[in-house]
Undergrad: 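Structure in structure tokens, see below.
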Amino acid sequence: MCALMQALPGFRDFYPEDCARRNHVIETWRSVSRRYGFLEFDGPVLESTDLYRKKNEEGAEILEQLYSFADRGGREVALRPEMTPTLARMVAAREKHYRKPMKWFCVSNFFRHERQQKGRLREFLQFNADIIGESSPQADAEIIALAVDLMRAFGFTAEHFVVRLSDRKAWMEFLQSRGCDEAACRTVLACADKLEREPAEKLNAKLAPTGLVVDDLKAFIAAGSPGAFAPVLEALAARGLSGFVQPDLSIVRGLAYYTGVVFEIFDRSKSLRALAGGGRYDGLIKGLSDGAIDLPAIGFGMGDVVLGHLINETPSASEKLKAALAQTSDVYVIIADESRRAEALQIVQTCRELGLSTDFSLRPAKIGKQFQEAEHLGACHAVLVGQEWPQVKLKHLATRSEEAIDHAALVPNLKNIKLR
RNA sequence: GUGGUCGUAGCUCAAUGGCAGAGCUCCAGGUUGUGGUCCUGGAUGUUGCGGGUUCGAGUCCCGUCGAUCACCCCA
């Protein structure tokens, strides 16, 4: 295969069947978000590189993965690697215009220059939802409930996924009680993030300057700090969603800007990466706007890549996808007599104006061929135009029942088709 | 950035160092105007690319590009 014939590493081609899958995902994200009263927004794919520098610490992973370059005017720009900075920028600029709390979502493509592997690409689609201007646990519960219902809408149940819920504030209170300063806190959280992956000795070495050891962290996690989650869990229980959520202080998340509740969604078998992740970032908008705008916020992201893997692995979700893809066309117009092509085109046009998905053969073809094509497209009805004009035959393909009717009487019949 | 595995038809994959193949897809037929199955026929390859070893390389060796998985991090 010639190099120019394939997409760049980590980038995808979307053939019709791939687009259909993607549309199913996007439409599910949108419909559930609207059900929750979220409004859709979007921003530019290209942003000033400084926007990302400002939000993240020097040397942060996400900055290393930036697709950044100087544009023709010499301006430093970058393809967006995430939505939150853009959202914060947009909110800060027009904050006064919108009633609080603002419930916004977006479905956008993002770019990160990293080595691709299972569940990781260089361009991916991500759903983001955020509630801005409400700091109560009710908002935390609302955003988590949305995440849960998104997963359910894809066909997943409590046996397929779990929301692991944690709270940065509980961690900070614990660490302050142990006399940790800001730098020490950062070290401890980084180690907590790796408890499952790195050996205890290695972590203890890292923890040495903080005065804590691995067992202290484990003890804190085991204790569970139940008070921290109570209000959120109550609100979720009232919605009947308790079974999807599991308090788990071992979740701390890598990003530095989280200030309160954090959560991640995993598949139950834990064979995949996180399906979604997010949390409360009450200081971010203030920081980005140099203190001008101070709004609490909570949000999360859900990517299409890992989600796609889990859908493939989960029968109930695959079925749902399959059903969504099985879009059949409504009418196939068969031109039995080529000299009636003009009349047939008229019928095609009428069908389409009625909103029916309608197709026909662009070139002369045998009747059998045309029926085959109608079948292949999954058409519900065939309209046969031929010698008997001004009569046409309307055939229901599934039952093979056929009736001859005047072409003028076709329209009322077609209206019925639409209802099925 | 580090390491492992793998590159053969549009897709999924065969072929002990010895004639590059199968299934699916696609195209064309199967008697004058009726479809899913079925039958027949057909098309498609510089075996990722470049070198080397050999009488002979898809197969062995080196390089390169790409894919993939793991580490890292996260959607």
Undergrad: Starting from P on B:A75, measure out to CG on A:Leu79 and report it in whole angstrom.
TA: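 A:Leu79 atom CG is separated from B:A75 atom P by 19 Å.
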
Undergrad: Could you work out the separation of B:G21 and B:G42 based on their P atoms and round it to a whole Å?
TA: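 Going atom to atom, P in each nucleotide, I get 14 Å.
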
Undergrad: Between B:G45 and B:U40, how many Å separate the two P atoms, rounded to a whole number?
TA: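 About 24 Å, rounded to a whole number of Å.
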
Undergrad: A:His376 has a side chain; which of B:C26, B:G66, B:A75 sits nearest to it?
TA: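 Selected nucleotide (nearest to the side chain): B:C26.
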
Undergrad: Does A:Arg22 make a cation-pi contact with A:Phe14, if we ask for NZ or CZ under 6.0 Å from the ring centre and within 45° of the axis?
TA: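 Yes, a cation-pi geometry holds between A:Arg22 and A:Phe14.
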
Undergrad: If the test is side-chain hydrogen bond (donor to acceptor under 3.5 Å, both in side chains), which one of A:Asp42, A:Asn128, A:Thr86 qualifies with A:Ser108?
TA: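 For A:Ser108, the side-chain hydrogen bond (donor to acceptor under 3.5 Å, both in side chains) check succeeds only for A:Asp42.
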
Undergrad: Is A:Lys169 positioned over the aromatic face of A:Tyr258, cation under 6.0 angstrom from the ring centre and no more than 45 degrees off axis?
TA: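 Ring-cation test returns no.
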
Undergrad: Any salt bridge linking A:Lys393 with A:Asp337? Criterion: basic side-chain nitrogen under 4.0 Å from a carboxylate oxygen.
TA: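 Not counted as a salt bridge, because no side-chain N and carboxylate O are separated by less than 4.0 Å.
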
Undergrad: Dump the pairs, protein N or O against N or O of nucleotides 1-9 of chain B, anything under 3.5 Å, distances to one decimal.
TA:
{"unit_1": "B:U2", "atom_1": "O4", "unit_2": "A:Arg115", "atom_2": "NH1", "d": "2.9"}
{"unit_1": "B:G3", "atom_1": "O6", "unit_2": "A:Arg115", "atom_2": "NH2", "d": "3.2"}

Undergrad: By nearest heavy atom, map A:Leu8 and A:Ser271 onto RNA chain B; which one lands nearer the 5' end?
TA: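 The residue mapped nearer the 5' terminus is A:Leu8.
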
Undergrad: Could you tell me how far B:G50 sits from B:C55 if I compare only their P atoms? Round to whole Å.
TA: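 B:C55 and B:G50 have their P atoms separated by 23 Å.
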
Undergrad: If you measure from the Lys or Arg side-chain nitrogens to the Asp or Glu carboxylate oxygens, is any gap between A:Glu403 and A:Lys395 under 4.0 Å?
TA: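 Here A:Glu403 does not pair with A:Lys395 in a salt bridge, since their nearest N and O are not under 4.0 Å apart.
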
Undergrad: Within the stacking criterion (centroid distance below 5.5 Å, interplanar angle below 30°), does A:Phe110 stack on B:A75?
TA: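 Stacking between A:Phe110 and B:A75: absent.
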
Undergrad: Can you tell me, in whole Å, how much space there is between the C1' of B:G63 and that of B:A28?
TA: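 Their C1' atoms lie roughly 46 Å apart.
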
Undergrad: Name the nucleic acid region contacted by A:Leu121, choosing base, sugar-phosphate or nothing; use a 4.0 angstrom heavy-atom cut-off, strictly under.
TA: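 A:Leu121: base contact, heavy atoms under 4.0 Å.
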
Undergrad: Ignoring the backbone of A:Glu114, work out which of B:A28, B:C73, B:G66 is nearest its side chain.
TA: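 Selected nucleotide: B:C73.
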
Undergrad: Keeping to residues at least two apart or across chains, list the salt bridge (Lys or Arg N to Asp or Glu O under 4.0 Å) pairs with something in residues 358-372 of chain A.
TA: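 Sorted result for residues 358-372 of chain A: empty, none.
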
Undergrad: From CG of A:Asp13 over to P of B:G10, roughly how many Å is that when rounded to an integer?
TA: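 Atom CG in A:Asp13 sits about 15 Å away from atom P in B:G10.
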
Undergrad: Rounding to the closest angstrom, what is the interatomic distance between B:A75 and B:C38 at atom C1'?
TA: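 48 Å, rounded to whole Å.
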
Undergrad: Heavy atoms under 4.0 Å is the rule here; annotate nucleotides 32-43 of chain B 5' to 3' with B where the base is hit, S where only the sugar-phosphate is, and - elsewhere.
TA: -BBBB-------

Undergrad: Report the distance from atom CD of A:Gln65 to atom C1' of B:C72, rounded to the nearest whole Å.
TA: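 To the nearest whole Å, that distance equals 9 Å.
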
Undergrad: Is A:Arg112 salt-bridged to A:Glu123, cutoff N-O under 4.0 Å?
TA: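 So A:Arg112 does not pair with A:Glu123 through a salt bridge.
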
Undergrad: Which residues satisfy the salt bridge (Lys or Arg N to Asp or Glu O under 4.0 Å) test with A:Arg152, sequence neighbours excluded?
TA: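 If we apply the salt bridge (Lys or Arg N to Asp or Glu O under 4.0 Å) test to A:Arg152, skipping adjacent residues, the hits are A:Asp149.
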
Undergrad: Distance check, P atoms only: B:U47 and B:G36, in whole angstrom units.
TA: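 Per the computed distance, 39 Å lies between those P atoms.
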
Undergrad: Measure the distance from OH on A:Tyr258 to C1' on B:C73 and round it to the nearest whole Å.
TA: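 Distance, rounded to whole Å: 13 Å.
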
Undergrad: Please report the distance, rounded to the nearest Å, between CZ in A:Phe11 and C1' in B:A67.
TA: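 Checked: the CZ to C1' distance equals 16 Å.
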
Undergrad: Sorted by first residue and then second, give each salt bridge (Lys or Arg N to Asp or Glu O under 4.0 Å) pair with at least one member in residues 266-277 of chain A; sequence neighbours left out.
TA: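 Counting only pairs at least two positions apart or across chains, the salt bridge (Lys or Arg N to Asp or Glu O under 4.0 Å) contacts touching residues 266-277 of chain A are A:Glu196-A:Lys270.
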
Undergrad: Can you tell me which residue among A:Tyr36, A:Phe41, A:Phe127, A:Phe38 is in a ring-ring contact (aromatic ring centres under 6.0 Å, His included) with A:Trp104?
TA: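 Answer to the ring-ring contact (aromatic ring centres under 6.0 Å, His included) test with A:Trp104 among A:Tyr36, A:Phe41, A:Phe127, A:Phe38: A:Phe41.
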
Undergrad: Distance criterion of 3.5 Å, no angle test: do you see the side chain of A:Arg112 paired donor-to-acceptor with the base of B:C73?
TA: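 Result: no qualifying N/O pair found.
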
Undergrad: Report the secondary structure of RNA chain B in dot-bracket form, marking unpaired bases with a dot and bases paired to a different strand with |, and treating Watson-Crick or G-U pairs with both distances under 3.5 Å as paired.
TA: (((((((..((((....[..)))).(((((.......))))).....(((((..]....))))))))))))....

Undergrad: Answer yes when A:Arg239 and A:Glu142 have at least one side-chain N-carboxylate O distance shorter than 4.0 Å, and no when they do not.
TA: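 Yes.
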
Undergrad: Using the C1' atom as the point on both nucleotides, what is the distance between B:C13 and B:C49, in whole Å?
TA: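 Rounded to whole Å, the distance is 22 Å.
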
Undergrad: In whole angstrom, give the distance that lies between atom CD of A:Gln116 and atom C1' of B:C72.
TA: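 Result: 16 Å.
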
Undergrad: Separation of A:Arg12 atom CZ from B:A67 atom P, in whole Å?
TA: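 Going from CZ in A:Arg12 over to P in B:A67 covers 14 Å.
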
Undergrad: Charged N to carboxylate O under 4.0 angstrom, A:Glu27 versus A:Arg30?
TA: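 No salt bridge links A:Glu27 with A:Arg30.
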
Undergrad: Under 4.0 Å, heavy atoms only, any strand: does A:Ala374 hit a base, just the sugar-phosphate, or nothing?
TA: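 Nothing, no nucleic acid heavy atom in range.
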
Undergrad: Taking B:G58 as the reference, what is the distance to B:A20 when you measure between their P atoms (whole Å, please)?
TA: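 Those two atoms are separated by 8 Å.
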
Undergrad: Answer yes when A:Asp18 and A:Arg21 have at least one side-chain N-carboxylate O distance shorter than 4.0 Å, and no when they do not.
TA: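 Here A:Asp18 does not pair with A:Arg21 in a salt bridge, since their nearest N and O are not under 4.0 Å apart.
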
